[in-house]
Amino acid sequence: MKKVLIELRESLYFLCCIQFWRMGVLWTFYIIYSYLQLWLNKVMSRKYQSYPRCSLNISPSAERPVCVVTGATSGLGAAAAFSLSKEGYYVVLVGRNAQNLSETVKEIKRRQPDAYLKTFEVDLTSFESILKFKSSLQQWLLDSDMHPSIQLLVNNAGILATSRRFTAEGYDQMITTNYIAAFSVTNLLLPLLKSSRVPSRVVNVTSFTHRCVSGIDLCKKGLAGNDSLASKRYPCAQVYEYTKICLLMLSYQLHRHFCLSGHSHQVSVIVADPGVVETNLMREVPSYLSSLAIHILKVLGLLQSPDNGVEAIIDASLAPPEVSGEYFFGGKGRVTKSSSLSYDTKLAEKLWTTSSNLFQELQLAYKNLAEKA
């Protein structure tokens, strides 16, 4: 009884919060808007703008392409790992819990007995853990007599935190998990992507919620989440939206960078938006409210299972090698346009500069720490 009363109190508290209504109203509006945009594309052009999936066509003597999936222990990450293993990838599952990784591998093996899988326990809120992962991945490739390269990186890991928490480095935990970690992992693994014998790809998993963002703070303190987020009540919905538009702008900036440097034929960058998927993303939202939200989304026909929601990620992963800088949404290989703000090149350049400075500071701090130890 006491537990029920506590949950009811938490639900009422969250119900009175502007963040709940932002998620309930704005997020619902923009997911409907996104599907409407697909429909208008079809009506206006009489067909969907879409790309076919390319088969890997792995011969018995050929080396399997390697794919890294972050946040691979549940939901979309686990679904992506399973689907990509079916396509023939040697899938590297990255997660923070060893037991969950083990259970995910068992489930994939049950459904796909001949799947090639490797797991790494990584805490994406810790830069030290990310650096160790890079070294461990390189060592595993060497020990396995595999080519020192990877062919696909899927930055899928993400959380929706309802309270303010900070990492050991003093950064906001949600911003770190959803964006800074993706930036760090991508930069650290770029040499392995560039050294691939075949065209390689980065797929960043973002969200339609980025459309809620009308302005963006890209100063160092804003990106770290210890300045503009200093209000009494944690603006969880806005922070989540912020991380998703940052990841989106990073993707477009990387795409432009590779085009200018002449590497677009070697490394492509694509964004995947799975829509609304029934995962544990809402686990920190009071159970009564999350259950209500799930019920309403089901009634509206907007809620997908992970096996269906993952289609946009697989479409992006298997799109033709020359495809880059696209926004995949809605499955069936369909692409659409993201918000106008996400294409602002000056903002993207500022984001890249600020992110690079943070990344360099993290590298320097870890180096100094290692020298002292």
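Given the structure is predicted, the values throughout are model-derived calculations rather than measurements. Side chains included, hydrogens not; waters and symmetry mates left out as well; all remaining heavy atoms used.
Contact check for Met249 versus Gln253: no side-chain heavy atoms found under the 4.5 Å cut-off. Arg283 is listed as a side-chain neighbour of Ile159, based on a closest heavy-atom distance under 4.5 Å. The side-chain heavy atoms of Gln363 and Leu188, taken from C-beta on, include a pair separated by under 4.5 Å. In this structure, Phe183 and Leu223 have side chains that are not in contact, with every pair of non-hydrogen atoms separated by 4.5 Å or more.
Residues passing the side-chain contact (heavy atoms from CB on, under 4.5 Å) test with Ser129 are Val122, Asp123, Ser126, sequence neighbours excluded.
In this structure, Arg96 places its CZ atom where only 12 or fewer heavy-atom neighbours from other residues, nucleotides or ligands lie under 6.0 Å away. Applying the 6.0 Å contact sphere to NZ of Lys337 captures no more than 12 heavy atoms from other residues, nucleotides or ligands. Counting non-hydrogen atoms of other residues, nucleotides and ligands closer than 6.0 Å to OH of Tyr33 gives a total of 12 or fewer.
Of the N and O atoms on the side chains of Tyr327 and Ser251, not one donor lies less than 3.5 Å from an acceptor on the other residue. With no hydrogens or angles considered, no side-chain donor-acceptor pair links Tyr252 and Ser342 at under 3.5 Å. A side-chain N or O of Arg165 and one of Ser163 form a donor-acceptor pair less than 3.5 Å apart. Residues Gln19 and Tyr234 bring no donor and acceptor atom of their side chains to less than 3.5 Å of each other. Using modelled atom types and a 3.5 Å distance limit, the side chains of Arg334 and Ser50 yield no donor-acceptor pair.
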Sequence neighbours excluded and cut-off under 3.5 Å, please list the side-chain donor-acceptor pairs for residues 140-150, or say none.
{"unit_1": "Trp140", "atom_1": "NE1", "unit_2": "Ser144", "atom_2": "OG", "d": "3.3"}
{"unit_1": "Asp143", "atom_1": "OD1", "unit_2": "Gln139", "atom_2": "NE2", "d": "2.9"}
{"unit_1": "Ser144", "atom_1": "OG", "unit_2": "Trp140", "atom_2": "O", "d": "2.8"}
{"unit_1": "His147", "atom_1": "ND1", "unit_2": "Ser149", "atom_2": "OG", "d": "2.8"}
{"unit_1": "His147", "atom_1": "NE2", "unit_2": "Arg197", "atom_2": "NE", "d": "3.4"}
{"unit_1": "Ser149", "atom_1": "OG", "unit_2": "Gln151", "atom_2": "NE2", "d": "3.1"}

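Rounding to the nearest 0.5 Å places CG of Leu247 at 4.0 Å from CG of Asn204. Separation of atoms CD (Glu107) and OG (Ser74) is listed at 13.0 Å; rounding is to 0.5 Å.
Relative ring orientation between Tyr240 and Trp27 is described as tilted, the plane-to-plane angle lying within the 30° to 60° band.
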